[in-house]
Amino acid sequence: MKLRKAMAVALAGALVLTTFATGTTSEAAKKTKLKTKKVSIFVKGKKKISITGKKAKHKYTFTSKKKKIAKVSKKGVITGVKAGKTTITVKDTWKQKGKKKTKKLGTIKVTVKKKATPKPKVTAQVPQPPVTQVPAPPTQDPGDGGSQTTPPDATQTPTAPPAKTSKPPKTQPPTQPPTPTPPSREDQKPTEYFPANMAEVEKIDGVTYDPETGYITVKDVEQFCIPLGYTVKNGHCIWVKIKGRMNGEQGFRSWMVNDMANKTTLSDQWEAKNEEGFQAPGEFDYTFQLLSESDDVTCLLIKGPVYGTNIDDLLITSIEISYPLGEGGSTKPDPEEPTVTMDLDKHTITAGSTTTAEVSASAGQIKEVTWSVEDETVATVEKDAEDAKKATITGVAKGQTKVAAEVKVTVEGKDFTVKTEKDLTVAEEGALVVNASIESAPTEVIVGDTAELKVTVDTGTIESVVWKVEGDAATIETDSVEAVKAVLKTVKVGEVTVSATVTVKKDGKTATDTAKVTINVIKDPSDIIEIDITKNITISGWGQDPTYEVQDDGSVKITWGAESANYRFVKFNFDGMDLTDYWCVIDAEGHYANVDIHDAVKKEPTYGNPLSVTKSAYGVTFPYTVKLDDAALNTTTAQDGSSADYKNVGGVNIYKGTETEEFSLTVKSIKFYKYEEDIPKA
């Protein structure tokens, strides 16, 4: 006890010396904070993560939980990959006294939306399982100089065929009404104009989007795209209003293309130099019409003035588009209301002293902020003259009040007004103010992991700290030497609130303050694994093969033609992983099919095809669920003599039987669940 007390005294003395040498924590440096908390973008859209208070020699890293939904670059640019939701974790790493330190700044909720209105789907009647037969030997030469007795992708032959069942009749798609011919170009007139989402401009070197102003700056760039947010059909016109300033002397051109990746020209061309009164350098305000030449136009392309010449220096302040035949911007999903948060530099001040407040939005641009306080006899607020998002609060008299902000935010052209507020305490003039805060507190912790916490104060010597945790998802363990430190130990999924009540002494005065943080204890993301079915697809290479097509919504439509050879596979490949005792769930709609799951490396003995680790399932309807346990394990020995197991699963095969008519199956998802209770109930 004497030793512990002596160390505590030494620590307190060090804190005092630090205070005299460097000033208070708030005076020394502003805290690094994750400004972006929530992002909503379209597929192929981009959004830059904003971090305030960045420090020199600190490295900021970004990790996407589901890269198939949204990926993030080393510079913190989020790119939408497919429709869905995910989170991005942001960490701050630095070296302190030669040791590497890492702090989690927080997580960002990301929603990725489809850009185009999905086409109506035709749902086939749910059939009964088919008559299943053992794969018959082919008559054609496999092409390698030998003769085959089984198809090359049929990994195992069952010992006995399944029981026969009647085959359902072929489903006929409903008759579609003919597509109406659009009016002539001259007869198509603009109606309502909708702002383009300039934040989704293609992120390439030389193209910069400023979230503060909403402007795009372009310097020495060949071409770049801005998503329209919808698909323009063949023969349909759009009108473009574009404003800004040409700081160079060349001008620019524009037309429509299919997407950012391909940039195939799919409309007529407009040139700035052909506009009446063209002047460069100079301000511009142009309106022009473009006619689509395809059914899959999704982007507006802006390109240099002539072939081989880059855009020299261009500032775009706004782009608005009218698409009357597509009902303008109504084909774009309405943006979600953003969340707005307020950060108070200090939650307690003294009468006569000040603190600062700043608001941030999860998406869009903040256009205006109206600041107020609930009780002006306790404190007053004054908007920052240069930045409307900031304000200075001055203590007037002892008491408690709320600092409020009414924030006007524009997201994808739609205006929102969102309110936010924070509690503020004003102490009497000359009082000792602690302003305790818990550093390195993550917003999320995986169940079973721990989190190191530390409490800090503005000034004074810390006399004692009392740590508490509310909620049964975690426990708190205090440091036996340093009372300012604690370790959060998670035990189950849930939410906990950690508090640290700190008693501080300075100049004969004693004060107490309590800091609180809320932490979510979540499941390990690997408990639910979703395969990116849009990539790494292979088909069997013998006979007449099936075809597949990736749909706008991220599903994959497989079609087996009437002449397609029996037992032809479409295989969804992925990196090998240990999936022992996981549940595989395949969600699909349309025709029934056959399914088996493959090892990533092992080969079956006869033809060297990937070894099936599960017994083949014939004539299944969907959703199809199988547990990767001993009951489903394939008993066939691999080519290397080893047995099948689930330690390196690397593919899912879906294949036809002996049907003689054309049919299709649309695969919507392939997921693996560690726990059965996580599988969605039908």
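For reference, positions follow the sequence shown, starting with 1.
- Rounding to the nearest 0.5 Å places OG of S64 at 9.5 Å from NZ of K66.
- For the residue pair T36/S50, the side-chain donor-acceptor check at 3.5 Å is not satisfied.
- Evaluation of the ring pair (Phe, Tyr, Trp, His ring centres under 6.0 Å) rule for Y193 yields no partner, not counting sequence neighbours.
- No hydrogens or angles considered: nothing links the side chains of D296 and N258 as a donor-acceptor pair under 3.5 Å.
- The line from CG of L228 to CD of E200 is 10.5 Å long, rounded to the nearest 0.5 Å.
- Using modelled atom types, no side-chain atom of T410 and backbone atom of K414 make a donor-acceptor pair closer than 3.5 Å.
- Residue Q269 qualifies as enclosed at atom CD: its count of foreign heavy atoms under 6.0 Å is above 12.
- Summarising the geometry, atom CD1 belonging to I88 is positioned 12.0 Å from atom NZ belonging to K47; distances are rounded to the nearest 0.5 Å.
- For the side chain to side chain contact (heavy atoms under 4.5 Å, CB included) with Y548, the qualifying choice from I533, I537, I654 is I537, the only one to do so.
- Using a 3.5 Å distance cut-off with no hydrogens or angles, the side chains of W239 and Q188 do not pair a donor with an acceptor.
- Judged by distance alone, with hydrogens and angles left aside, the side-chain atoms of R568 form no donor-acceptor pair with the main-chain N or O of P546 at under 3.5 Å.
- Nearest approach of P324 to C237, heavy atoms of both residues: CD-O, 4.0 Å.
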* Applying side-chain contact (heavy atoms from CB on, under 4.5 Å), run through V409 and V411 and close with a yes or a no. => CA-CA 6 Å; V409 187; V411 182; 4.0 Å; yes
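- Residues T208 and Y215 are not in side-chain contact: their nearest non-hydrogen atoms beyond the backbone lie 4.5 Å or more apart.
- For K104, the NZ atom counts as densely surrounded, since its 6.0 Å shell holds more than 12 non-hydrogen atoms of other residues, nucleotides or ligands.
- The neighbour count for K367 NZ, taken as heavy atoms of other residues, nucleotides or ligands under 6.0 Å away, is above 12.
- Contact record, C225 with V257: SG-CG2, 3.8 Å, taken as the closest heavy-atom pair.
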* Asked: Are V556 and T666 close enough, and set up right, to give a side-chain contact (heavy atoms from CB on, under 4.5 Å), and what steps lead you there?
  -> CA-CA 6 Å; V556 177; T666 299; over 6 Å; no
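- Here the side chains of V652 and I586 are in contact, with some heavy-atom distance below 4.5 Å.
- Looking at heavy atoms from C-beta onward, K48 lies out of side-chain contact with P211 at the 4.5 angstrom threshold.
- The nearest pair of heavy atoms linking P190 to S322 is CA-OG, 3.6 Å.
- Side chains of T559 and E662 form a contact here, defined as non-hydrogen atoms less than 4.5 Å apart.
- At least one side-chain heavy atom of T538 sits under 4.5 Å from a side-chain heavy atom of N573.
- Salt-bridge check for E368 with K383: failed, with every basic side-chain N at 4.0 Å or more from each acidic carboxylate O.
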* To do: Evaluate the criterion side-chain contact (heavy atoms from CB on, under 4.5 Å) for residue pair I41 and T111; output intermediate values, then yes/no.
  => CA-CA 6 Å; I41 57 177; T111 301; over 6 Å; no
* To do: Kindly determine whether D295 and N234 satisfy side chain to side chain donor-acceptor pair (under 3.5 Å), including the steps that lead there.
  => CA-CA 5 Å; D295 279 331; N234 188 25; 5.2 Å; no
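- Closest heavy-atom contact between V81 and V112: N-CG1, 4.2 Å.
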* Are K571 and I539 close enough, and set up right, to give a side-chain contact (heavy atoms from CB on, under 4.5 Å), and what steps lead you there? -> CA-CA 6 Å; K571 182 180 178 184; I539 58 177; over 6 Å; no
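- At distances below 3.5 Å, at least one donor-acceptor pair connects side-chain atoms of D387 with backbone N or O atoms of K389.
- Put simply, the side chain of T79 never gets that close to the backbone of K71: no donor and acceptor are under 3.5 Å apart.
- The closest donor-acceptor contact from the side chain of D312 to the backbone of D220 lies at 3.5 Å or more, if one exists at all.
- Distance check: E549 CD to S555 OG gives 9.0 Å after rounding to the nearest 0.5 Å.
- Atoms NZ and CG, on K91 and L34 in that order, are 13.5 Å from each other to the nearest 0.5 Å.
- Side chains of L105 and T32 form a contact here, defined as non-hydrogen atoms less than 4.5 Å apart.
- With salt bridges taken as basic N to acidic carboxylate O contacts below 4.0 Å, one links R245 and E283.
- By the 6.0 Å contact criterion, CG on D187 is enclosed, its count of non-hydrogen atoms from other residues, nucleotides or ligands being greater than 12.
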Sequence neighbours left out, cut at 3.5 Å: what donor-acceptor pairs do the side chains of residues 284-292 make with other protein atoms?
unit_1	atom_1	unit_2	atom_2	d
Q289	OE1	R185	NE	2.9
Q289	NE2	R185	O	3.3
S292	OG	K233	O	3.3
S292	OG	S294	N	3.3
S292	OG	S294	O	2.8

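- In this structure, F572 and T534 have side chains that are not in contact, with every pair of non-hydrogen atoms separated by 4.5 Å or more.
- Within a 6.0 Å radius of NZ in K263, more than 12 heavy atoms belonging to other residues, nucleotides or ligands are found.
- Relative to the ring axis of Y60, K54 places its NZ or CZ within 45° and under 6.0 Å from the centre.
- Residue-environment remark: NZ (K103) exceeds the threshold of 12 foreign heavy atoms within 6.0 Å.
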* Asked: Do W560 and F569 pass the ring-ring contact (aromatic ring centres under 6.0 Å, His included) test, and can you show the C-alpha distance, the side-chain angles, and the key distance before you say yes or no?
  -> CA-CA 10 Å; W560 287 268; F569 282 81; 9.7 Å; no
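- The minimum heavy-atom distance between E275 and W270, with the atom names listed, is OE2-NE1, 2.6 Å.
- A donor-acceptor contact shorter than 3.5 Å is absent between the side chain of T217 and the backbone of L315.
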* Asked: Checking side chain to side chain donor-acceptor pair (under 3.5 Å) for the pair T107/T87: CA distance, chi angles, key distance, verdict?
  -> CA-CA 6 Å; T107 56; T87 57; over 6 Å; no
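- T265 and W255 are linked by a side-chain donor-acceptor pair at a separation below 3.5 angstrom, with hydrogens and angles left out of the test.
- For K408, the NZ atom sits in a loose shell: 12 or fewer heavy atoms of surrounding residues, nucleotides or ligands are nearer than 6.0 Å.
- Scanning all heavy atoms of the two residues, the minimum distance from A363 to P338 falls at O-CB, 3.9 Å.
- Looking only at side-chain heavy atoms (C-beta outward), F252 and K273 stay at 4.5 Å or farther from each other.
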* Asked: Given the rule in the salt bridge (charged side-chain N to carboxylate O under 4.0 Å, His left out) test, do E271 and K303 qualify, once you have shown the distances and angles that lead to the verdict?
  -> CA-CA 9 Å; E271 298 182 46; K303 193 175 175 73; over 6 Å; no
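- Here T231 contributes atom OG1 and H236 contributes atom NE2; the two are 11.5 Å apart, rounded to the nearest 0.5 Å.
- Among residues two or more places apart in sequence or in another chain, the side chain to side chain donor-acceptor pair (under 3.5 Å) test is passed with T309 by none.
- Taking 4.0 Å as the cut-off between side-chain N and carboxylate O, K523 and D678 count as a salt-bridged pair.
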